Amino acid sequence: MDTQNTATRKGLSLKDLVTTGIFSALMLVFTMAGGMFFAANPILTFYMPMGCALLCGPVYLLLVAKVHKRWSITVLGVIVGFFFFVTGMHWSMALGNAGMGIIADIAAGFGNYKNKKLNALSYMLFMLSNTFTYLIFFIDRDKWISAMLKKGTDASYIETMSSSATPWMPVLIVGGTLLVAAFSAWVGGKMLKKQFEKAGLV
């Protein structure tokens with residue numbers, strides 16, 4: 001009946017929280033590095049979730065390998081979501097990261113945070129969080145535009161973004177993000193095995 005590792009059931013220690021905080025900062029750095037180029041361009045902004053997903057896989061998987069306890073991924077999602085909220089992003093970015101953090105945590109937890117395939121799936125699910133703002137844009141464009149104008153987004157940026165949006169883009173955004181995240185997780189898995197283990201980091 002006891003299918004979970006004892007360490008997984010324990011709460012996060014102070015060391016675990018510090019580790020999660022450090023890797024959350026790294027996730028933010030790589031998220032911004034991968035997504036900033038796209039986000040700054042009103043035509044390319046729809047590809048921002050794919051850019052974010054490209055670089056973060058190794059960092060995410062190393063966090064899971066080092067902590068491998070419930071709530072660490074959730075904490076990661078809350079921290080990243082809070083960062084997006086305070087930096088003026090649409091509220092759905094914060095909600096997406098917090099919500100998908102919980103879902104990704106559950107997915108990795110099914111394998112006690114040690115199953116490579118489930119950890120990769122967990123990463124793919126987590127990176128869907130950055131698609132939420134664009135999905136809301138297509139679901140209720142007027143309210144999305146109103147919210148972003150209140151946050152100070154330039155009207156010309158939104159106008160160009162809106163005019164370049166096509167009905168098939170939500171499928172591309174979600175599908176593309178999943179594919180890029182899967183690739184990043186694969187690369188991260190290779191690095192975790194060949195480099196991180198040799199260095200004694202996990």
Side-chain angles (χ1 to χ4, degrees), residues 24-57 59-60 71-108 120-185:
S24 296
L26 289 173
M27 282 285 289
L28 285 169
V29 170
F30 282 98
T31 294
M32 299 300 289
M36 185 58 68
F37 170 78
F38 298 100
N41 188 305
I43 297 176
L44 299 178
T45 184
F46 299 103
Y47 304 101
M48 187 272 284
M50 301 176 213
C52 295
L54 180 62
L55 301 179
C56 294
V59 178
Y60 183 94
W71 304 121
S72 180
I73 298 173
T74 299
V75 171
L76 168 67
V78 171
I79 292 175
V80 174
F82 179 75
F83 172 83
F84 282 131
F85 180 78
V86 299
T87 53
M89 299 296 182
H90 192 265
W91 58 264
S92 56
M93 290 283 281
L95 179 62
N97 276 276
M100 294 310 296
I102 295 172
I103 293 173
D105 209 330
I106 293 172
L121 174 62
S122 172
Y123 175 67
M124 293 166 66
L125 292 171
F126 185 82
M127 295 314 294
L128 284 177
S129 59
N130 294 321
T131 68
F132 277 42
T133 183
Y134 300 102
L135 296 180
I136 295 295
F137 171 83
F138 282 99
I139 292 171
D140 195 342
R141 188 173 304 194
D142 290 339
K143 286 187 178 180
W144 188 95
I145 291 174
S146 177
M148 295 308 294
L149 286 174
K150 289 179 180 178
K151 286 180 173 290
T153 304
D154 189 75
S156 62
Y157 177 100
I158 294 178
E159 183 179 353
T160 303
M161 176 183 173
S162 187
S163 63
S164 64
T166 57
W168 49 264
M169 275 188 168
V171 176
L172 175 63
I173 293 169
V174 173
T177 300
L178 288 173
L179 287 174
V180 174
F183 172 75
S184 184

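Everything numeric here is computed off the predicted structure, so don't read it as measured data. The first residue of the sequence shown is numbered 1, and numbering continues consecutively from there.
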With [X], which residues qualify under side chain to side chain donor-acceptor pair (under 3.5 Å), at least two apart?
{"X": "T177", "value": "none"}
{"X": "T131", "value": "none"}
{"X": "T31", "value": "none"}
{"X": "T153", "value": "none"}

Residues which pass side-chain contact (heavy atoms from CB on, under 4.5 Å) with [X], listed by chain and number, not counting sequence neighbours:
{"X": "S184", "value": "P58, Y123"}
{"X": "L149", "value": "I145, A155, I158"}
{"X": "I139", "value": "none"}
{"X": "A120", "value": "A185"}

Would you name the heavy atoms of [X] and [Y] that are closest together and state the gap between them?
{"X": "G88", "Y": "K151", "value": "O-CD, 3.1 Å"}
{"X": "H90", "Y": "I136", "value": "CE1-CG2, 3.8 Å"}
{"X": "C52", "Y": "G35", "value": "SG-CA, 3.8 Å"}

Enclosure of [X] [atom1] (heavy-atom neighbours >12, cutoff 6.0 Å):
{"X": "K143", "atom1": "NZ", "result": "no"}
{"X": "F30", "atom1": "CZ", "result": "no"}
{"X": "F85", "atom1": "CZ", "result": "no"}

Does any non-hydrogen side-chain atom of [Y] lie less than 4.5 Å from one of [X]?
{"X": "F183", "Y": "M124", "value": "no"}
{"X": "P49", "Y": "M127", "value": "no"}
{"X": "S122", "Y": "Y60", "value": "yes"}
{"X": "M89", "Y": "T133", "value": "no"}

- Task: Can you tell me which residue pairs pass the side chain to side chain donor-acceptor pair (under 3.5 Å) test with a partner in residues 48-57, sequence neighbours excluded?
- Result: none
- Query: Would you say the side-chain atoms of S162 pair up with the backbone N or O of E159, donor to acceptor, closer than 3.5 Å?
  - Reply: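 Not at all, since once roles are kept as given, no pair shorter than 3.5 Å links the two residues.
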- Check the pair N41 / Y47 against side-chain contact (heavy atoms from CB on, under 4.5 Å), numbers first and verdict last. CA-CA 10 Å; N41 188 305; Y47 304 101; over 6 Å; no
- Message: Could you measure the distance from the CG atom of L178 to the CG atom of L121? Nearest 0.5 Å is fine.
- Response: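 Rounded to the nearest 0.5 Å, the CG-CG separation comes to 9.0 Å.
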- Looking at CZ of F83 and CE of M27, how far apart are the two atoms once the value is rounded to the nearest 0.5 Å? 12.5 Å
- Message: Against F82, only a single residue in I79, V86, V80 fulfils side-chain contact (heavy atoms from CB on, under 4.5 Å); can you say which?
- Response: V86
Review item, side-chain donor-acceptor pairs of residues 95-107, under 3.5 Å, at least two apart:
from : atom 1 : to   : atom 2 : distance (Å)
N97  : OD1    : S129 : OG     : 3.1
N97  : ND2    : M93  : O      : 2.8
D105 : OD1    : Y113 : OH     : 2.4
D105 : OD2    : W71  : N      : 2.9
D105 : OD2    : T74  : N      : 3.1
D105 : OD2    : T74  : OG1    : 2.8

- Please name all residues satisfying ring pair (Phe, Tyr, Trp, His ring centres under 6.0 Å) with F137, sequence neighbours left out, ordered by chain then number. F46, W144
- Message: Can a side-chain donor-acceptor contact be found between Y134 and S92 if the only test is distance below 3.5 angstrom?
- Response: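 No, no side-chain donor-acceptor pair sits under 3.5 Å.
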